[in-house]
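Computed from a predicted structure; not experimentally measured. Counting begins at 1 with the first residue of the sequence. Counting convention: from 1, in listed order, for ligands and their atoms alike.
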Amino acid sequence: MTDAPDTDGDPGTDVGLYVHWPYCSRICPYCDFNVVRDRGRVEEQAGLVEAILADMRAQRALTGPRRLASVFFGGGTPSLMAPEAVAWIIAQARDLFPPSGPIEISLEANPTDAEAARFAALAQAGVNRLSMGVQALDDASLRFLGRDHSAAEARRAVALAGRAFSRLSIDLIYARPGQTPDDWATELGAALDMGFEHVSPYQLTLEPTTAFGRALARGTLIPPDEDQAAALYETTQTVLEAAGFDAYEVSNHGRGVAARSAHNLHVWRGGDYLGLGPGAHGRLTLDGARTATVAHRRIADYVAGVGAGRPWTGTERLDAAGAAEERLLLGLRTVEGAAVGLLADLGLSVDAAPTVDLIADGFLTLGGGRLIATPRGRPVLDGVLKALLT
Ligand SMILES: C[S@@+](CC[C@H](N)C(=O)[O-])C[C@H]1O[C@@H](n2cnc3c(N)ncnc32)[C@H](O)[C@@H]1O
Ligand code: SF4
């Protein structure tokens, strides 16, 4: 199998597959994803794998024949999955949705020694791209982030991953309290020296339901202010650009086009994808309408729901305006932008306010029939979208 991603798939007919594995060995104080502590309940986990497989078969009955565009195992911590379960899911996906060529199969991994020992088996199972949640490269920051690995352990895991996978991505969390642009530039440089082809630097967000969110409310955690955060964002762009990594999405930088995540591009281009596993979101074109699906969040509810033929808490058929708004929101996050034709469905035009003003002010630009956020518009994209859509 080659590792070349099929980035030219057709987002109109191909399907991506997102598999959510909710278990984590420890819950990080900043994380508000749908996660639970992994207490080693083997039977429960085997039941979840069965449910994911059954859910995939049921969704295949709804979509009819499609080609597989990509697979993404996210979490939670899918590097804790049994490699044979990963192999079964990939094999069934290929069976139900035969791909037309090589496809990208990504998996999110935590860089602990225990998980690194399984990388070769995960590659054997069919995973060809690893997204490593390193988060920070010094022990004090890792302790602050509540991580269960040291910097040295992460480096060992990256070295082992490099032997098993030719495509490696790193997640880092910046805008930590007290972090200066110089610290961050040094840390990013050290990450680049480790040989990743793809970097996802995420600005620390403090969600109210998390331990960090509560610390913020109590005043015991003081994040960088707006200007400091903007300076850290600028540092990210400058360091990564200078190293040849282009920001093909707000928080995703690839060393050349081949390093871009095919799965994420498929999603951002408005492609269909199945959401499998507890709390997973999906987007399917069913009877001609783009339909949003959301699976039950609790593991037991999801497993019971799949068994009863009702894996979703709900589905929503998006009307033309809803579908256009979603594509615009996603497209403007990327270098590819969004098709200008979408504006008409939203009662907008490039020749009238507010679009024309956002272009004149340098936040948006036009190119090849697409509306694209400029380097000036990217960091303030939420405000740009608000101006555009309200
Ligand atoms: C859902 S996590 C799964 C990855 C894996 N479990 C790990 O922790 O390495 C995906 C990524 O989201 C990012 N993330 C999660 N919560 C965040 C937050 N509050 N602020 C910024 N980034 C966050 C982290 O970089 C993390 O690697
Ligand atoms: S950041 Fe990763 S390991 Fe930590 S709780 Fe969230 S999903 Fe789990």
- Message: Using heavy atoms and a 4.0 Å limit, tell me yes or no: is Ser131 in contact with ligand 1?
- Response: no

- Query: Considering only heavy atoms of Arg147, which atoms of ligand 2 have at least one such atom less than 4.0 Å away?
  - Reply: 1 (S), 3 (S), 4 (Fe)

- Task: In plain terms, say whether Arg269 and Glu336 are close enough for a salt bridge, that is, a side-chain N and a carboxylate O under 4.0 Å apart.
- Result: yes

- For salt bridge (Lys or Arg N to Asp or Glu O under 4.0 Å), just list the numbers for Arg283 and Asp272, CA-CA rounded to whole Å, side-chain angles, deciding distance to a tenth of an Å, and then say yes or no. CA-CA 5 Å; Arg283 289 289 183 281; Asp272 275 9; over 6 Å; no

- Query: If we ignore angles and hydrogens, is there a donor and acceptor under 3.5 Å between the side chains of Glu207 and Thr210?
  - Reply: no

- Query: With the 4.5 Å side-chain cut-off for hydrophobic clustering, are Tyr174 and Val250 part of the same group?
  - Reply: no

- Message: Distance under 4.0 Å to a non-hydrogen atom of Val35: what atoms of ligand 2 satisfy this?
- Response: 7 (S)

- Query: Any idea which protein heavy atom is nearest atom 25 (O) of ligand 1, and the distance to it?
  - Reply: Gln135 OE1, 2.7 Å

- Determine, considering heavy atoms only, which of Pro78, Cys28, Pro22 sits nearest to atom 5 (S) of ligand 2. Cys28

- Are any of the heavy atoms in Gln135 under 4.0 Å away from ligand 2? no

- Name the closest protein heavy atom to atom 1 (S) of ligand 2, giving the residue it belongs to and the distance to 0.1 Å. Tyr30 OH, 3.4 Å

- Query: Centres of the Phe144 and Phe212 rings: under 6.0 Å?
  - Reply: yes

- Should the proximity of Asp171 to ligand 1, defined as any heavy atom under 4.0 Å, be assigned to the side chain, the backbone, both, or neither? side chain

- Message: Closer than 2.8 Å to atom 8 (Fe) of ligand 2: does that hold for any N, O or S atom in Cys24?
- Response: yes

- Message: Let me check your reading of the structure: within less than 2.8 Å of atom 4 (Fe) of ligand 2, is there an N/O/S atom from Cys31?
- Response: no

- Message: Taking the ring centre of each residue, are Phe72 and His263 less than 6.0 Å apart?
- Response: yes

- Query: Can you tell me if Arg378 and Gln237 form a side-chain donor-acceptor pair at under 3.5 Å?
  - Reply: no

- Message: Would Glu207 count as a contact residue for ligand 1, given that I'm defining contact as a non-hydrogen atom of the residue lying under 4.0 Å from a ligand atom?
- Response: no

- Item | Atoms of ligand 2 close to Asn110 [distance to a heavy atom under 4.0 angstrom, numbered from 1] | 3 (S)

- Task: May I ask you to say whether Glu197 pairs ionically with Arg255, meaning some side-chain N is under 4.0 Å from a carboxylate O?
- Result: no

- Return the residue, atom name and 0.1 Å-rounded distance of the protein heavy atom closest to atom 15 (C) of ligand 1. Phe33 CE1, 3.4 Å

- Would you indicate which of Ser79, Gly75, Pro78 comes nearest to atom 1 (C) of ligand 1 when only heavy atoms are counted? Gly75

- Under 4.0 Å, heavy atoms only, figure out whether ligand 1 is touched by the backbone of Arg147, its side chain, both or neither. side chain

- No-hydrogen, no-angle side-chain donor-acceptor test under 3.5 Å, Asp183 and Thr186: no

- Message: So is Met132 touching ligand 1 or not, going by heavy atoms under 4.0 Å?
- Response: no

- Please determine if Arg260 and Glu249 form a salt bridge, counting it only when a charged side-chain N lies under 4.0 Å from a carboxylate O. no

- Item | Carboxylate-amine/guanidinium contact Glu44 Arg39, below 4.0 Å | no

- Heavy-atom gap Gly76 to ligand 2 smaller than 4.0 Å: yes

